[in-house]
Amino acid sequence: MQLRDFFSVDAIDLDLSTETKDETLKKLVGLFHLDEKSEGILFKMLKRRENLGSTGIGRGIAIPHCRSLVVNRLRVAFGRHEAGLDFKAIDEKPVHYIFLIVAPPLEVSNQYLPVLGKIAQFSKEADVPERLAAVENAEAFLQLLEEKGV
Amino acid sequence: MHEQLETLLEMQDLHMQRRALEEGGVRDLETGLFEMSAEQAIDALDAKITELELRLGKSIQERFRSLIGTHRRAVVPVLAGVCYGCFVAVPTSWAADADPNDRLNVCQSCGHFQYYPT
Ligand SMILES: [Zn+2]
């Protein structure tokens, strides 16, 4: 299983210009092109997960995630925010890189946890924040995932 | 989308989150990587579930509780015309609705609430 296989170019936004965490979550959910109601439910679930504790794991990276019946397969999105957002992250630093992961409650292939784990593993690599800052386009982002062997 | 279906979906998602926090993989990740307090999170989820339950009619509330209790889920997806509660094809007239989620569909075969994912 390769992380890059789960990302599609149209679910990568390297120029987020949102003002808040909520706005950012909405924007990233929008990349999945669900209907309005489903987007609303997904946003609510993500928010609820954030209320239990921030998914900002430090070093400028956040991994909002949830399971919900409104998606019929595992979906991932990536967003980059140059100025940085207040995500109430563990290290209290602004978040610049957001990996969004959503999955249906029951997946035949059960990829949710492994994908979350791989993104966590990728995020822990020392040079990842600066490499993410430097990627110029979605294709370069995918290449970075590949290069890191996740 | 039918209002009570929306509530049922939310409640089911919360139940699922709660269960995941009681078991291995997700719990380890949430308490490890994300430094979450599982006990506090479970209490918060319980409070929200109780709050949402009040929005449901009595019979729907009872059906939800009984389904969650015995099958661990109350709302099942319908994918490619098949109910994922019992793997029986749903009547074609149901799936042909402009938006089948505007109604609260209960499977005639297994009794689960049905949801049509986009
Ligand atoms: Zn059924």
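Predicted model, so just to flag it, every value in this text is computed and none were measured. Heavy atoms only: backbone and side chains are in, while hydrogens, waters and symmetry mates are out. So that the names make sense, note that chain A is the first sequence line, chain B the second, and so on, each numbered from 1.
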Visitor: Is there a side-chain contact between A/Arg49 and B/Met36 in this structure, where contact means two heavy atoms from C-beta onward sitting under 4.5 Å apart?
Guide: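 Sidechains of B/Met36 and A/Arg49: in contact.
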Visitor: Looking at B/Leu45, B/Leu14, B/Val75, B/Leu79, which one has more heavy-atom pairs under 4.5 Å with chain A than the rest?
Guide: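 Highest number of pairs under 4.5 Å: B/Leu14.
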Visitor: With a 4.5 angstrom heavy-atom cut-off, which part of B/Tyr115 approaches chain A: side chain, backbone, both or neither?
Guide: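 The answer is the side chain of B/Tyr115.
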Visitor: If hydrophobic clusters are built by linking Ile, Leu, Val, Met, Phe, Trp and Tyr wherever their side-chain heavy atoms come under 4.5 Å apart, do B/Leu67 and B/Val106 end up in the same one?
Guide: yes
Visitor: Which one of A/Ala120, A/Ala89, A/Ser68, A/Gly53 has the most heavy-atom pairs closer than 4.5 Å to chain B?
Guide: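 Of A/Ala120, A/Ala89, A/Ser68, A/Gly53, A/Ser68 has the most heavy-atom pairs under 4.5 Å with chain B.
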Visitor: Counting C-beta onward and ignoring hydrogens, is there a side-chain heavy-atom pair between B/Phe34 and A/Leu52 closer than 4.5 Å?
Guide: no
Visitor: Is A/Ser54 close to chain B through its backbone or its side chain, or both, or neither, when contacts mean heavy atoms under 4.5 Å?
Guide: backbone
Visitor: Under a 4.5 Å side-chain heavy-atom rule over Ile, Leu, Val, Met, Phe, Trp and Tyr, are B/Phe64 and B/Tyr84 clustered together?
Guide: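 No, because B/Phe64 and B/Tyr84 fall into different hydrophobic clusters, even though each may have its own neighbours under 4.5 Å.
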Visitor: Using non-hydrogen atoms only, which part of A/Ile41 is less than 4.5 Å away from chain B: side chain, backbone, both, or neither?
Guide: side chain
Visitor: I'd like to know which of A/Leu69, A/Leu34, A/Ile90 tops the heavy-atom pair count under 4.5 Å against chain B.
Guide: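 The answer is A/Leu69.
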Visitor: Which bit of B/Leu33 is near chain A, if near means a heavy-atom gap under 4.5 Å: side chain, backbone, both or neither?
Guide: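 For B/Leu33, heavy atoms of backbone and side chain both lie under 4.5 Å from chain A.
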Visitor: Looking at B/Glu30, B/Met1, B/Glu35, which has the largest count of heavy-atom pairs under 4.5 Å with chain A?
Guide: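 Ranked by heavy-atom pairs under 4.5 Å with chain A, first place is B/Glu30.
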Visitor: Using the rule that Ile, Leu, Val, Met, Phe, Trp and Tyr join whenever any side-chain heavy atoms are under 4.5 Å apart, tell me whether A/Val115 and A/Phe78 fall into a single cluster.
Guide: yes
Visitor: Hey, quick one: are B/Phe87 and B/Val90 part of the same hydrophobic cluster, counting side-chain heavy atoms closer than 4.5 Å, chains of contacts allowed?
Guide: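 The answer is no; the residues belong to distinct hydrophobic clusters.
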Visitor: Could you check whether atom CD of B/Glu53 has more than 12 heavy atoms from other residues, nucleotides or ligands sitting under 6.0 Å from it?
Guide: yes
Visitor: Report which part of A/His33 has an atom under 4.5 Å of a heavy atom belonging to chain B: side chain, backbone, both, or neither.
Guide: neither
Visitor: Hey, any chance B/Ile68 and B/Leu54 share a hydrophobic cluster, counting ILVMFWY side chains that come within less than 4.5 Å of each other, even indirectly?
Guide: no
Visitor: Counting only heavy atoms from other residues, nucleotides and ligands, does the tally under 6.0 Å from NZ of A/Lys148 exceed 12?
Guide: yes
Visitor: Please check if the number of heavy atoms outside A/Glu36 that lie under 6.0 Å from its CD is greater than 12.
Guide: no
Visitor: Go through the atoms of B/Gln40 and report whether side chain, backbone, both or neither lie under 4.5 Å from a heavy atom of chain A.
Guide: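 Answer is neither: B/Gln40 stays 4.5 Å or more from chain A.
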Visitor: Within a radius of less than 6.0 Å around CD of B/Glu22, do more than 12 heavy atoms belonging to other residues, nucleotides or ligands occur?
Guide: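 Correct, the count exceeds 12.
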Visitor: Side chains of B/Gln17 and A/Arg67, heavy atoms from C-beta outward: is any pair under 4.5 Å?
Guide: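 They are not in side-chain contact.
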